[in-house]
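Lettering follows sequence order; numbering is per chain, from 1. Note: hydrogens, waters and symmetry copies are ignored here, and every other heavy atom, side chains too, is used.
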Amino acid sequence: MRRLLCTCIGLLLAGSLAACSTAQYAEPIKSFSDAATQASDAVAKMNTALADATLEYALRSATDPKLGSLDVQTSDSCGAFVAPAKPEDAVRCRPEFTIIGEGGAKVTVTREQYTNPMGNMVAVTAAIQKYAANLAAVQADNTADEVNTSIDKIQANLVALVQAADKNATLPSDLPAAAGEGVKWIFGQYIESVKFDALKKAANAAVDPLNKAKLAFSGFETGVKGQLSLTAMRDSARAMDERRDNQVATNRDALEKANAYDDFLTAPLSPMFDNLVAAHDKLVQALNGSGNASLKNFFTNLDQVKQQAEQIAKIATDIAAALKPKTT
Amino acid sequence: MPNDAMAEFQQIVQTRDTALRQLQTVEKPLLARIRTLSDKRRNGTITPSESSELDTANQGLERVHHGMWIVGQISLQAMNDSNLLRDIVSGLNGISDGLNDAKQTLDRIANVANITAQVTSALVELAQKVGSVLAA
């Protein structure tokens with residue numbers, strides 16, 4: 001009777017824990033994490049390109065008093081060095097640009113804006129990267145293996161313990177192994193259920209911030225492209241008009257610049273992010289119960305993220321090269 | 001609060017887009033005129049007055065683009081400082097913390113099994129010592 005009761009409890013427990021394996025999500029989650037890293041790197045490179053272009057524009061504008069100036073923020077006290085008790089008490093000498101527009105409109109360009117203009121957007125992509133890495137860490141967790149090893153040891157110890165207490169004790173040869181496998185299975189199911197619940201809860205919670213990030217990225221795309229069109233890509237944008245003669249060399253130069261500008265205009269900043277979020281949505285659907293059917297186009301989305309991240313990184317490198325002073 | 005952050009961000013984007021659209025109404029005819037006159041210059045058919053007009057159009061375009069740069073710069077700064085980005089980062093970091101908690105739960109399970117194995121191992125050693133003492 002007691003054995004029957006134990007068997008029933010075991011079956012009920014096993015039933016409640018079954019069907020929660022995370023193994024099938026190992027590859028999708030790892031791929032998502034890798035894609036998030038690539039996207040984050042591409043955004044960081046674009047941030048650097050924008051920083052360089054902003055500084056270049058501000059420096060150029062500051063040479064014309066009608067367009068801008070370069071000054072020290074607290075010009076009265078700057079330069080009066082007094083050894084401060086604490087670093088935060090130091091007299092600051094922060095240089096900054098003031099760019100003047102039509103009608104006297106002014107914009108201040110501080111160090112942050114010409115070194116890290118999209119700093120908080122970079123922080124968003126870094127947070128996505130961290131989330132994706134943690135998702136992968138939970139999925140890849142090897143607690144079940146560690147527990148299995150420990151159970152093997154416990155089992156061997158228990159057998160040794162019985163034999164130490166009574167050298168004449170005999171144990172049915174298959175009993176300890178069978179019991180150990182049962183415990184391992186129950187533990188394994190429990191561990192998988194902890195992992196699955198954590199992944200499902202996290203992925204569902206990430207839907208809202210990721211959709212907001214998609215919207216933010218779309219807003220940034222226009223801004224970044226606009227600023228770079230007017231600065232680093234300015235010569236390229238005007239290359240076809242600037243050909244004064246119709247010679248092969250000048251036409252070739254203009255052609256290269258115009259093509260570079262066209263590539264830049266179609267740089268997939270926002271689509272890269274759309275694909276990353278679309279892949280995540282499919283992962284969420286799969287975790288919510290639709291299984292692998294939701295992952296049908298998942299890897300296509302991530303392949304596109306990879307290609308788009310490479311494209312953006314190349315454009316950012318080209319922009320950096322375009323901004324380097326020409327040595328003749 | 002999150003809706004406010006979203007509304008704030010969308011307002012920045014809309015204001016920027018409206019300003020840029022207005023500037024584009026000035027930019028487009030200038031660009032078209034510059035293109036026509038540049039073609040003439042390249043073909044050697046530009047007149048002195050057209051050459052002067054080209055210079056003026058280029059200067060005008062510079063001014064429009066400078067205005068566009070200022071609009072773009074102000075909006076980029078506002079977007080980067082927006083509450084929306086802070087909300088996203090804090091939301092995602094909270095989720096990451098939850099995943100870390102789950103990882104710690106798993107580590108604790110492994111730890112319990114590991115300690116149990118160590119305890120039973122120590123018990124075996126003890127039992128073997130007791131056994132040998134009793135045998136002696």
Side-chain angles (χ1 to χ4, degrees), chain A residues 54 57 67 99 101-102 105 107 109 113 117-121 123-124 127-128 130-131 134-135 137-138 141 143 146-147 150-151 153-154 157-158 160-161 164-165 167 187 191 194-195 198 201-202 205-206 208-209 212-213 215-216 219-220 222-224 226-227 230-231 241-246, chain B residues 2 5-6 9-10 12-13 16-17 20 31 34-35 38 41-43 63 65-77 79-82 84-89 91-96 98-103 105-107 109-110 113-114 116-117 120-121 123-124 127-128 130-131:
Chain A
T54 304
Y57 192 86
L67 297 178
I99 311 297
E102 299 286 328
V107 58
V109 179
Q113 279 122 30
M118 290 200 292
N120 289 334
M121 195 67 221
V124 167
I128 293 170
K130 184 177 154 194
Y131 153 70
N134 281 332
L135 213 54
V138 167
D141 180 272
T143 297
E146 288 180 38
V147 168
S150 295
I151 288 171
K153 283 182 193 164
I154 293 166
N157 289 338
L158 290 176
L161 197 60
K167 281 186 180 161
F187 257 109
I191 290 162
V194 169
K195 284 166 70 169
K201 190 179 162 195
D208 180 56
K212 283 178 180 165
L215 181 131
F220 265 90
T222 310
V224 170
Q227 293 309 84
L230 297 166
T231 53
D241 292 336
E242 292 297 318
R243 293 171 295 153
R244 283 186 174 269
D245 54 29
N246 199 23
Chain B
M6 186 86 96
F9 191 88
Q10 283 171 329
I12 296 165
V13 171
R16 176 200 66 192
D17 291 349
L20 289 179
L31 274 173
I34 288 169
R35 198 140 295 153
S38 294
R41 185 181 61 190
R42 197 163 41 255
N43 297 332
R63 287 173 67 185
H65 282 171
H66 187 66
M68 283 179 156
W69 186 88
I70 287 178
V71 169
Q73 185 63 27
I74 289 172
S75 60
L76 264 180
Q77 289 179 14
M79 283 193 288
N80 195 49
D81 290 340
S82 69
L84 180 66
L85 300 193
R86 273 188 283 275
D87 283 354
I88 296 168
V89 170
L92 286 169
N93 283 343
I95 296 164
S96 284
L99 285 165
N100 277 333
D101 289 346
K103 184 84 177 68
T105 301
L106 293 167
D107 290 345
I109 293 168
N114 187 31
T116 309
T120 54
S121 175
L123 279 174
V124 170
Q128 283 167 344
V130 170

| query | Considering residues at least two apart in sequence or located in another chain, which fulfil the salt bridge (charged side-chain N to carboxylate O under 4.0 Å, His left out) criterion with B/Lys103? | reply |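 So B/Lys103 forms a salt bridge (charged side-chain N to carboxylate O under 4.0 Å, His left out) with A/Asp141, B/Asp107.
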Exercise for the section: Taking salt bridge (charged side-chain N to carboxylate O under 4.0 Å, His left out) as the test, write out the residues that go with B/Arg42, two or more places apart. Expected result: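 Here the qualifying residues are B/Asp39.
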Contacting moiety of [X], where chain B heavy atoms sit under 4.5 Å:
| X | answer |
| --- | --- |
| A/Asn246 | both |
| A/Ile99 | both |
| A/Val194 | side chain |

Exercise. Pick one of side chain, backbone, both or neither for B/Asp81, based on which atoms fall under 4.5 Å of a heavy atom in chain A.
Key: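 Contact with chain A is through both the backbone and side chain of B/Asp81.
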So do [Y] and [X] actually touch side chain to side chain, heavy atoms under 4.5 Å?
| X | Y | answer |
| --- | --- | --- |
| B/Arg16 | A/Thr222 | yes |
| B/Gln77 | A/Val107 | yes |
| B/Leu106 | A/Lys195 | yes |
| A/Lys212 | B/Leu85 | no |

For [Y], is there any backbone N or O sitting under 3.5 Å from a side-chain donor or acceptor partner on [X]?
| X | Y | result |
| --- | --- | --- |
| A/Asp241 | B/Ser38 | no |
| A/Gln227 | B/Trp69 | yes |
| A/Thr143 | B/Ala110 | no |

Among B/Arg41, B/His65, B/Met79, B/Arg35, residue most engaged with chain A (heavy-atom pairs, under 4.5 Å):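 When all of B/Arg41, B/His65, B/Met79, B/Arg35 are compared, B/Arg41 has the most.
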